[in-house]
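A quick note: this is a predicted structure, and the numbers were derived from the prediction, not measured. Heavy atoms only: backbone and side chains are in, while hydrogens, waters and symmetry mates are out. Numbers here simply count residues along the sequence, with the first being 1.
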Amino acid sequence: MAKYLLLKHYRGAPAAVNDVPMDQWTPEEISAHVKYMNDFAARLEKTGEFVDGQALAPEGTWVRYDGEGRPPVTDSPFAETKDLIAGWMVIDVDSYERAVELAGELSAAPGAGGKPIHEWLELRPFYGESPTITE
């Protein structure tokens, strides 16, 4: 088994097919999206492939150590993860192909108008895990 991180992005990824920002969705569209995500995770829990996942609030702060007892809060000219990462899921699967299959399925979560988003998800193996590509 190999662990992979699936990252959902607010921005910074290629545009989704159904590219309406979530803050413009109706409450019903948001509920349908969250239900899809929860149902997906529940199904993977039953197969033993779900490890953990969370949605992330857009708020966040950069913190850096800057001397004894003084961790200042800093902002920088760099893109902040609070602007980029909307949520994450960790899966533990038998192969790279299975990870790609699940990421593709998750990409079909409904968005505006109830239509699949077809969003790009970032799929990253955990350090030390080599993708096992079967032919």
Note, Ser31 side chain near Glu28 side chain (heavy atom, < 4.5 Å): no
Reported CG-to-CH2 distance for the pair Leu6 and Trp88, which is rounded to 0.5 angstrom: 11.0 Å
Student check: side-chain heavy atoms of Phe50 and Val90 closer than 4.5 Å: no
Flag side-chain contact, heavy atom, 4.5 Å: Ile91 against Leu44: yes
Residues Arg124, Glu122: salt bridge by 4.0 Å N-O rule: yes
Taking every non-hydrogen atom, the tightest pair across Pro110 and Ala32: CG-O, 3.7 Å
Leu7 side chain reached by Leu121 side chain, heavy atoms, under 4.5 Å: no
Path from Leu123 to Phe40 over hydrophobic side-chain contacts below 4.5 Å: yes
Aromatic plane relationship, Trp25 with His33 - under 30° parallel, 30 to 60° tilted, over 60° perpendicular: perpendicular
Under 3.5 Å donor-acceptor, Asn18 side chain and Lys115 backbone: yes
Met37 side chain reached by Lys8 side chain, heavy atoms, under 4.5 Å: yes
Result of checking Arg43, Arg98, Lys3 against Glu49 for side-chain hydrogen bond (donor to acceptor under 3.5 Å, both in side chains): Arg98
Stepwise side chain to side chain contact (heavy atoms under 4.5 Å, CB included) test for Tyr4 and Tyr96: CA-CA 9 Å; Tyr4 290 87; Tyr96 171 78; 3.6 Å; yes
Asp39 and Lys35 ion-paired at < 4.0 Å: yes
Any donor-acceptor pair under 3.5 Å from Ser107 side chain to Ala103 backbone: no
Joint cluster assignment, Val17 & Met22, ILVMFWY side-chain distance < 4.5 Å: no
Check: Glu29 side chain, Thr26 main-chain N or O, donor-acceptor pair, under 3.5 Å: yes
Side-chain touch Asn38/Val34, heavy atoms, less than 4.5 angstrom: yes
Nearest-0.5 Å distance that lies between atom CE in Met89 and atom CG in Leu5: 10.5 Å
Close side-chain approach of Val93 and Met1, heavy atoms under 4.5 Å: no
